[in-house]
Amino acid sequence: MTVQVPKLEYRHRVDDLLRTERLPHVWCPGCGIGITLQAFLRAVKALEAKGVVDRKQLVFVTGIGCTGRASGYVRLDGAHTPHGRPIAYAYGVKLANPKLVPVVFSGDGDLAGIGGNHLLHAARRNFDMLVIMVNNFNYALTGGQLAPTTPHGAYSTTTPKGNPERPMDVARLVAALGANYVARWSIHYPVHIEEAIKRALPRRGFRFIEVLSICPEIFGRHIGFRSPVDLYERLRKVSKVKKPKTLEEIKYDWENEITLGVFVDKDEPGYMESICSVYNYDWCNELPERRWSKQ
Amino acid sequence: MARREFLTGNEAMAEAAIAAGLRVFIGYPITPASDLFEYLAEKLPSYGGIVFQAEDEIASINALVGATYAGAKAMTATSGPGFSLMAESLGLAAMLEAPIVIVYNMRTGPSTGIATGTGQGDVMQSRWASHGHYGVVVYSPWSVQEAYNLVVKAFDTAWRLRVPTIVLSDAVIAHTRELAVVYEPGEVKVADRKPPREPPGEFKPFKPDPDDLVPPMAFYGEGYAVLAESLAHDERGYYTTDPENYERLVRRLEGKITRNKHHVVSSEARYTEDAETVIVAFGTLARSALALVKDLRKQGKKVGLWRPVSIWPLDEEGLSKAVEHADRVIVAEMNLGQLYREIARILGPTGRKIELVPVLTPELPGPDELLGYFEKAGVEI
Amino acid sequence: MAPRRAYDIIILANRCKECGLCIHVCPKKILVTGNKQNQKGYRVTTVTKPSDCIGCRLCEFSCPDFVIRIEPSSNGVPKGLIVWGENEVEVIKG
C-alpha cells in the first residue's frame with residue numbers, strides 16, 4: 001500500500017557527496033566499485049564530522065577503467081585522467097597547492113598495469129597521497145582482458161587458454177617500496193574498508209588500500225561465477241584476514257589465499273615534509289599532514 | 001628591475017619562466033633541456049617555486065596539468081623523445097584547457113638521433129603529436145633574447161586562452177650564450193585565469209565566455225567541485241556523447257586560438273619590400289638565411305626573408321604581405337618539408353612557385369653552407 | 001532483555017539493479033527480490049519483516065548502488081520504505 005508519510009529525508013547517507021543527478025551510475029549490477037566508493041564517502045563524512053578533513057581539500061583523481069568513472073559521480077574537486085596517470089596528475093596537484101589532499105581512486109589495470117611506473121615511484125618517495133585500488137582482477141571496461149592481477153590460469157579474452165603469467169601482489173609490492181600505510185581488504189569487509197580509509201586519509205606519506213572486488217558481468221562470467229552472489233562467495237573463500245609479520249607471509253593466490261589485513265602502518269615523513277627539510281616554503285607549517293601527524 | 005645578463009638559451013628560458021610567475025617546474029632529464037631544469041633547481045625555490053623530477057615525461061606532463069588545475073603556473077622542458085612520450089597528455093591538456101607551458105628544444109632526430117645535434121624535424125609533432133583534433137600554440141625563437149621573450153609570451157598565451165603553449169627551440173639556442181635583458185617576477189605582463197563569476201553549484205567549469213571562447217577557471221580547493229573530465233564533456237564537465245556538444249567543444253578548442261589570433265601570431269619580414277624571391281625560414285636556421293639574404297642583396301639580387309615566430313598558428317597576413325611582390329617562395333628548413341607543407345597550403349592558390357630546400361645536418365650551417373644546400377636541392381638563387 | 005530497537009529500511013527503488021547482494025548479506029534474511037520493476041526494469045528489493053531488522057547495516061554497506069539507508073525508526077514502528085518517487089513511498093510493516 002502506498003501512503004503519504006511524514007516527509008522523511010529520502011536520501012542515501014552519502015548523497016550529499018554524490019552528483020545524484022547522475023545516478024543510477026554506470027557500473028554493472030553487483031560490481032564492487034560502488035561498495036568501495038561508498039566506504040570512502042562514509043569515511044570522508046566521518047572525518048568531516050570530527051573536523052579532521054574538509055571536503056574542499058580533497059582532490060579525487062581517477063584513471064581509465066571502470067573505476068575511472070567514479071570522479072564523475074563524486075561531488076568533489078577531481079579529475080578523470082588518461083589511462084594510468086592519476087598518480088602522476090596527483091603529483092602536480094600536491095606540488096602546486098600543498099594544502100590539498102589528493103585521493104587516487106582507480107583500478108588494478110590502471111594503477112599496476114600501464115600506471116605501474118608512477119605507482120613504484122610514488123610509493124618509493126612516500127609521496128603524500130591516498131591511493132585506493134579496486135582490484136577486480138581484469139580489464140573489465142574493455143571486455144575482460146588480462147591484467148597484472150589476473151589469477152594464474154584464469155581465462156581472459158587475451159589469454160583464452162588460461163593466464164600463463166604469475167600475477168602481481170600489488171599491496172605487497174607497495175609495502176616493500178616503503179609506503180607509510182598499506183592495507184588490503186575485500187568488499188566483504190565494508191566497515192574495515194571505511195576504517196582503513198579513516199586511518200589512512202588524514203596522515204602523511206603514501207597510503208595505499210587495495211580492495212578485492214567482484215566483477216560479475218565480465219570476470220565472473222569468464223571464470224564461471226556469473227551471479228554477483230556466486231562470485232561474492234568465491235572471492236570470500238580465499239579472502240583471509242591475517243596479521244602478517246613479514247612480507248613473505250602475504251599471499252596472493254586465487255586458488256587458496258589472498259591475504260587481507262593491514263600490512264604497513266608507520267608514520268615516516270612524507271615527500272612534502274622532506275622538501276621542507278631542505279627549503280622552508282611558507283606553506284611548510286600549513287601542511288595538513290603535519291597537523292594530522294600530531295594527532 | 002631590468003638587468004642585462006650573458007645567458008645560454010636554457011638559462012634565459014628558465015629566467016623567463018621565473019619572471020612569468022612559475023610556481024611548479026616538473027621535468028625529466030633529456031639533452032638538450034636538462035640544464036634548464038638544473039638552473040631552476042638552483043634558483044626557483046628562492047622564488048617560492050618547486051622543482052620536481054618525475055619518473056618519466058608521461059608523469060611530468062600529467063603532473064603539469066594537475067598543477068594548473070590546483071592554481072599554479074607550471075612548465076616543463078624537454079626534447080623530441082620526451083615530447084613523444086608526452087603526446088597523449090598534450091591532448092589531455094588541450095581537452096581540459098590546462099594552461100601548461102612546454103619548452104621543447106629540438107635535437108637531431110628521428111629516435112635517439114644525435115642528442116647534442118640540432119634539428120627542426122619536430123614542426124608537425126609539436127602541433128599534431130596527440131590524437132584527435134585540438135588546438136595548441138607553438139612559438140619558435142631564433143635568439144637567446146627571443147627565447148626569453150617567447151617563454152614569457154607562452155605563459156601569457158597559455159593562461160589567456162587556457163591552451164597548452166610550446167616554445168619550440170633547439171639545441172643551438174639551448175647552449176648558445178648571448179646577451180639578454182631579463183626581469184623580475186611581476187615586471188612582465190602575463191595573463192592570469194579569469195576567476196569564476198557564479199557561485200559553486202551554478203558555476204560551469206567549461207562554459208566559455210562568448211567573446212573570447214575561453215571559460216573562467218575555478219581552482220581546486222576553492223569549493224567548486226571542479227571535474228577535470230578527459231571524456232568529451234558538456235559545460236558542467238559531465239561526459240556526453242552528444243554529437244552537437246562534441247562539435248561545439250572541438251570547434252572551440254581550436255576556435256579560441258583563431259578567434260584570438262591578434263594575441264597569438266607573430267612573424268618578422270626582412271628586405272621583403274621589393275623582394276621578388278622570399279626565403280621562408282624559422283628558428284636558428286633563419287639566422288643563416290638572413291646572412292645569406294644580405295650576401296645576395298650585395299650581389300643585387302632582390303631576395304627577402306620571412307620568419308614565422310609563431311609556427312602554429314602561422315601569421316598568414318604577415319606572410320601574404322611579405323611575399324606581395326615576390327613570385328618565388330623558397331622554404332629552407334632542417335627536415336624534408338614540414339613548414340613547407342603549410343606554406344604551400346597557404347600560398348599554393350596564389351600561383352606562386354614554392355620550393356623546398358631541405359637542410360639535413362646535425363649542425364647549424366652558416367650562410368655559405370646554406371647556399372650549398374640550395375644548390376644540392378637544385379634551387380637557383 | 002530490552003525491547004529490540006525499531007529500524008526503518010529506506011530503499012531508493014530507482015537506483016536498484018537487482019544484484020541480490022543485500023539479500024545475500026542480510027543476517028536476518030528479511031530482504032527479498034520484489035516483483036515491482038523500477039524505471040530500468042530491475043525488480044527492486046523489498047522487505048518482508050522490518051521488525052526483525054537488527055540495524056547492522058550490512059545491506060546498506062554492501063549495496064553497490066547507494067540504494068539502502070537504515071535509520072532508527074522515525075516513529076518507533078519498524079518499517080520498510082520503498083521510495084518509488086518524490087512522494088510515492090510504499091510502506092511495509094510487520
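A note on names: the letters A, B, ... follow the listed sequences, proteins ahead of strands, and every chain is numbered from 1. Please read these numbers as outputs of a predicted model, since none were measured by experiment.
- Listed options Leu76(A), Val61(A), Ile64(A) were ranked by heavy-atom pairs under 4.5 angstrom with chain B; first place goes to Leu76(A).
- Environment of CG in Asp16(A): crowded, with over 12 heavy atoms of neighbouring residues, nucleotides or ligands closer than 6.0 Å.
- With respect to chain B, the highest number of heavy-atom pairs below 4.5 Å among Arg69(A), His121(A), Arg85(A), Arg22(A) belongs to Arg22(A).
- Among Ala74(B), Ala59(B), Ala54(B), Ala72(B), the residue making the largest number of heavy-atom pairs under 4.5 Å with chain A is Ala59(B).
- Distance check, rounded to the nearest 0.5 Å: CD1 of Ile58(B) to CD1 of Ile114(A) gives 7.5 Å.
- If you take CD on Glu222(B) and CG on Asp77(A), they are separated by 8.5 Å, rounding to the nearest 0.5 Å.
- Within a 6.0 Å radius of NZ in Lys43(B), more than 12 heavy atoms belonging to other residues, nucleotides or ligands are found.
- Ring to ring, Tyr238(B) and Tyr73(A) are not that close: their centroids are 6.0 angstrom or more apart.
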| query | Tyr220(B) and Val93(A): side chain to side chain contact (heavy atoms under 4.5 Å, CB included), yes or no, with the steps? | reply | CA-CA 8 Å; Tyr220(B) 290 150; Val93(A) 169; 3.8 Å; yes
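- The 12-atom threshold is exceeded at NZ of Lys45(A), counting heavy atoms of other residues, nucleotides or ligands nearer than 6.0 Å.
- The aromatic rings of Tyr89(A) and Tyr69(B) sit tilted relative to each other, their planes meeting at an angle between 30° and 60°.
- Of all the listed residues (Thr68(B), Leu96(B), Asp56(B)), the one sharing the greatest number of non-hydrogen pairs under 4.5 Å with chain A is Asp56(B).
- Contact between His80(A) and Leu92(B) at its shortest, heavy atoms only, is O-CD1, 4.5 Å.
- Between Leu95(A) and the choices Val51(B), Ile50(B), Leu64(B), the side chain to side chain contact (heavy atoms under 4.5 Å, CB included) rule is met once, by Ile50(B).
- Taking every heavy atom of both residues into account, Gly221(B) and Leu100(A) meet most closely at CA-CD2, 3.6 Å.
- Your options are Val226(B), Val24(B), Leu231(B), and the one with the most heavy-atom pairs under 4.5 Å with chain A is Val226(B).
- Residue Lys204(B) qualifies as open at atom NZ: its count of foreign heavy atoms under 6.0 Å is 12 or below.
- Contact of Ile26(B) with chain A is made through the side chain alone, with heavy-atom distances under 4.5 Å.
- Here Gly78(A) is the residue among Gly72(A), Gly78(A), Pro102(A), Ala88(A) with the most heavy-atom pairs under 4.5 Å with chain B.
- Within 6.0 Å of CD in Glu42(B) there are 12 or fewer heavy atoms belonging to other residues, nucleotides or ligands.
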| task | Please step through salt bridge (charged side-chain N to carboxylate O under 4.0 Å, His left out) for the pair Arg125(A) and Glu55(B), ending with a clear verdict. | result | CA-CA 11 Å; Arg125(A) 294 188 183 105; Glu55(B) 51 271 19; 2.9 Å; yes
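- A donor-acceptor pair under 3.5 Å links the side-chain atoms of Tyr281(A) to the main chain of Gly49(B), judged by distance alone.
- Under the 6.0 Å cut-off for aromatic ring centres, Tyr271(A) and Phe52(B) qualify, their centroids lying closer than that.
- Glu229(B) contributes atom CD, which lies 7.0 Å from atom OG1 of Thr62(A) (distance to the nearest 0.5 angstrom).
- Distance alone, capped at 3.5 Å, places no donor-acceptor pair between the Ser230(B) side chain and the Pro82(A) backbone.
- Counting heavy-atom pairs closer than 4.5 Å to chain B, the top residue among Lys94(A), Lys56(A), His118(A) is His118(A).
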